[in-house]
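Read the structure below first, then the notes.
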Amino acid sequence: MLDIPALRAALLAWYDVQARDLAWRTGPAAGKAGQRSDPYRVWLSEVMLQQTTVPHATPYFLSFTRRWPTVLDLAAAEDGDLMAAWAGLGYYARARNLLACARAVAADHGGVFPDTEEALRALPGVGAYTAAAVAAIAFDRAANVVDGNVERVMARLFAVEEPVPDAKPELKRLAGELVTGAKGYGRPGDWAQALMDLGATVCRPKAPLCDRCPISAWCEGFKTGTPETYPRKTRKADRPRRFGVAYVLTRGDATALVRRPPKGLLGGMLGLPTSDWRAAPYTDEEAVAAAPAAGAWRDLGAVEHVFTHFSLTLRVFAAEGGGDFVWTPREGLSALPSVFLKAALATRRLL
Ligand code: SF4
C-alpha cells in the first residue's frame with residue numbers, strides 16, 4: 001500500500017530546496033512567507049509553455065510582462081501588436097485566445113481572474129489543464145494538474161503497463177489520488193509545481209536520474225530496472241506531409257507580405273504569399289502558375305517545417321516585381337512566423 005503522505009512529504013521537501021527559479025514563479029520560501037503568485041503571470045506562462053520549452057518561453061514572458069504588466073494592459077493591446085509579439089512561439093490560435101481571454105477577464109470579471117477551476121474553465125481558450133494549473137498555482141486549490149511530464153512520472157511511479165494514449169485517463173486518476181486524498185492534502189500549488197519540476201529535471205523522458213529522485217523508494221518503475229520504458233507507447237501514425245510554395249517577391253529592399261485570413265493556421269498573421277498547401281508536391285509549372293504576381297520566378301529550393309498536425313515541404317520561389325502587397329523592409333521580416341522566416345532566410349542564403 002502506497003504511503004501517500006510520506007511520498008508527498010519527500011517530494012515537497014525536495015521542492016523546497018530544488019525548485020527551479022522561473023521568471024513567473026513564486027518560489028517555496030516566498031510562498032511560505034505569504035507571497036501569492038499573480039494569476040495573470042501564471043496563466044500567461046502556462047499558455048506559452050503549452051507549446052514550447054522554459055528557455056524559449058522565458059524571454060517572451062519577460063517582454064510580454066514588461067509591455068503588458070497586467071491583464072487589463074493585455075486586454076487593451078492591439079491585435080496586430082500582440083500577434084507580432086507572439087511570432088516565434090508558434091500556434092497562433094493560442095495568441096488569439098490569449099487576447100479573447102484577457103478581454104473577458106477585463107469585461108466580465110473587473111480585471112480579476114476568477115479563483116475556481118470551474119470559472120477559469122469558462123474563460124475563452126482556457127482548457128482543463130490551464131484551468132487546473134492556475135487554480136492550483138495562483139489560488140492554492142486542490143486541482144489535479146496533469147501535463148505530459150506528470151503523466152510520465154505517474155506511468156513510472158505506478159509502472160502502468162497500458163500504453164498511452166489509452167492510459168491517459170488512468171494516469172490522471174492516479175495523479176488525482178496524490179492531490180485530493182480522502183481528507184485533502186496541503187500545499188496544492190507547490191505540489192503541482194514540484195511534480196512538474198521532478199518531470200522536467202529528474203524523471204526525464206529518456207534518461208531518468210533515479211539516483212537523485214526523492215520518491216524512488218515508492219517507484220514501481222524504478223524497481224523494474226527499466227523505468228525509461230514507461231510510459232508504454234503504441235506506435236504513432238506518421239504525421240501527414242503537405243506541400244506548398246512560398247513566394248519571395250521583392251522590390252528593392254522590400255519584400256511583399258500578405259495578411260492571412262483571420263481563421264485557420266497562422267490566422268491574422270502577416271506572411272509570405274503562398275500556394276495552397278496540399279497532399280501532392282507542386283511541379284515547376286504549377287508553382288509558377290500559383291504565383292501571386294507575374295515575374296521571372298526562380299526556384300530556390302525548399303524548406304521543411306513541422307506543425308502540430310502535419311509536416312510541410314515548402315518550395316521557395318523568388319522574383320522581383322510589384323503589386324498590391326504589404327511591402328516590408330528586410331529588417332521587418334524577423335517578426336514573421338517561423339515557417340516564413342525560414343523561407344525568407346533560405347532565399348537570402350541562396351541569392
Ligand atoms: Fe522517475 Fe526514477 Fe524517480 Fe521513478 S525513481 S519517479 S522513474 S526518476
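In each ligand, atom 1 is the first atom listed, and ligand 1 is the first ligand listed.
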Quiz prompt | Partner of Val164 by side-chain contact (heavy atoms from CB on, under 4.5 Å), out of Arg232, Lys233, Glu170, Arg152 | solution = Lys233

Quiz item: Against heavy atoms of Cys203, which atoms of ligand 1 measure under 4.0 Å?
Solution: 1 (Fe), 6 (S), 7 (S), 8 (S)

Self-check item: Heavy-atom pair with the smallest gap, counting every atom of Trp327 and Leu249
Solution: CZ3-O, 3.6 Å

Practice problem: Give the atoms of ligand 1, by number and element, whose distance to some non-hydrogen atom of Arg156 is under 4.0 Å. | Solution: 7 (S)

Quiz item: Looking at Leu98, Val105, Asp38, which one forms a side-chain contact (heavy atoms from CB on, under 4.5 Å) with Trp43?
Solution: Leu98

Exercise. Give the numbers and elements of all ligand 1 atoms closer than 4.0 Å to a heavy atom of Pro227.
Key: 7 (S)

Practice problem: Please report which non-hydrogen protein atom sits nearest to atom 2 (Fe) of ligand 1, along with the residue it belongs to and the distance in Å to one decimal place. | Solution: Cys210 SG, 2.3 Å

Exercise. Flag the pair Arg25 and Asp197 as a salt bridge only when some basic side-chain nitrogen lies within less than 4.0 angstrom of an acidic carboxylate oxygen.
Key: yes

Quiz item: Does the ring of Trp277 carry Arg260 above it, NZ/CZ under 6.0 angstrom from centre and within 45° of its axis?
Solution: yes

Self-check item: Salt-bridge present (Arg156, Glu151; N to O < 4.0 Å)
Solution: no

Quiz item: Which of the atoms of ligand 1 are close to Ser216, meaning less than 4.0 Å from one of its heavy atoms?
Solution: 5 (S)

Quiz item: Is any N, O or S atom of Cys213 under 2.8 Å away from atom 3 (Fe) of ligand 1?
Solution: yes

Exercise. Go through ligand 1 atom by atom and flag the ones less than 4.0 Å from a non-hydrogen atom of Cys219.
Key: 4 (Fe), 5 (S), 6 (S), 7 (S)

